[in-house]
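Below: the structure, in structure tokens.
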Amino acid sequence: MSIDVVTVDGPAGAGKSVATRALASRLGIEYLNTGAMYRAIALKALRLGLDLQNEELLNKVARESTLESRQGRTFLDGEDVTDAVRAQEISRLVRYPAGAPSVRETLVELQRKIGLERPIATEGRDQGTVVFPDAACKFYLTASPEERARRRLGELERRGESAPFEEVLAQIVERDRGDSNREIGPLREPEDAIRVESDGKSIEQVVGEMERAARERLSFLRR
Ligand code: DC
């Protein structure tokens, strides 16, 4: 029996957030950003001045915090932290909670609970493999490292920052390596996922492709 969950996994910079948010909106279901949950734990630990390498403390934070997702936004203890967790410093520190097995266990349990309560479109690295192996519709959204580096550079430039292309590309390759080599919940392409390559495609094309596939697979959307 499959459950009415759409999973979107893939490497950093493949366009998962934009595509998953748009897809959820078109399907009329909730959007869950699981990366933001790991980021929120890093943010709280940072604010508390904790040692982020201390797994026990990190998991205590994860267990004792209220993490919620409402209308696609992430709330930490009632505070909307959607924008705060995107800070560069958090991007740098998130590897600690993401690499801590006990924190992953805590957050995976929470993600499952959210997905069993209502239909969701959820994005991350392990959604189709570990969290929702029975999801009705799985995507693996990817793009070449060069394409992802170009997008990341565009994003930086829009924020008035800049960096050499080679440096941005090297960061992307390094992040891929970290995400793929993690022992628990590594980035893997689910065997039963639909692979969507976003190189040279517009958001509209990508989301259209995903929406058609999702409508065929989600039982409550089939008439
Ligand atoms: O997608 P993102 O950049 O917001 O993810 C932040 C970090 O969390 C990234 O290093 C990968 C990790 N992550 C994870 O390990 N498992 C998930 N389900 C989602 C994100």
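Both counts, for ligands and for their atoms, begin at 1 and track the order of listing.
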Residues passing the side-chain contact (heavy atoms from CB on, under 4.5 Å) test with Ser202, sequence neighbours excluded, are Glu204, Gln205
Electrostatic pair Arg95-Glu174, nearest N-O below 4.0 angstrom
no
So does Asp134 pair up with Arg112, basic N to acidic O under 4.0 Å? no
Across all chains, not counting sequence neighbours, the salt bridge (Lys or Arg N to Asp or Glu O under 4.0 Å) partners of Glu89 are Arg92
Which pairs of N or O atoms, one from ligand 1 and one from the protein, are separated by less than 3.5 Å, and what is the distance for each pair?
residue, atom, partner, partner atom, Å
ligand 1, 1 (O), Arg125, NH1, 3.1
ligand 1, 1 (O), Arg125, NH2, 3.4
ligand 1, 3 (O), Arg39, NH2, 3.0
ligand 1, 3 (O), Arg175, NH1, 3.4
ligand 1, 4 (O), Arg39, NE, 2.8
ligand 1, 15 (O), Arg104, NH1, 2.8
ligand 1, 15 (O), Arg104, NH2, 3.3
ligand 1, 15 (O), Arg182, NH1, 3.2
ligand 1, 15 (O), Arg182, NH2, 3.0
ligand 1, 16 (N), Arg104, NH2, 3.0
ligand 1, 18 (N), Thr34, OG1, 2.9
ligand 1, 18 (N), Arg125, N, 3.4
ligand 1, 18 (N), Asp126, OD1, 2.8

Those residues at least two apart in sequence (or on a different chain) that pass side-chain contact (heavy atoms from CB on, under 4.5 Å) with Ile194 are Phe139, Val196, Ala213, Arg217
Notebook entry, point to check: Ignoring hydrogens and geometry, is there a side-chain-to-backbone donor-acceptor pair from Lys16 to Glu123 under 3.5 Å?
Noted result: no
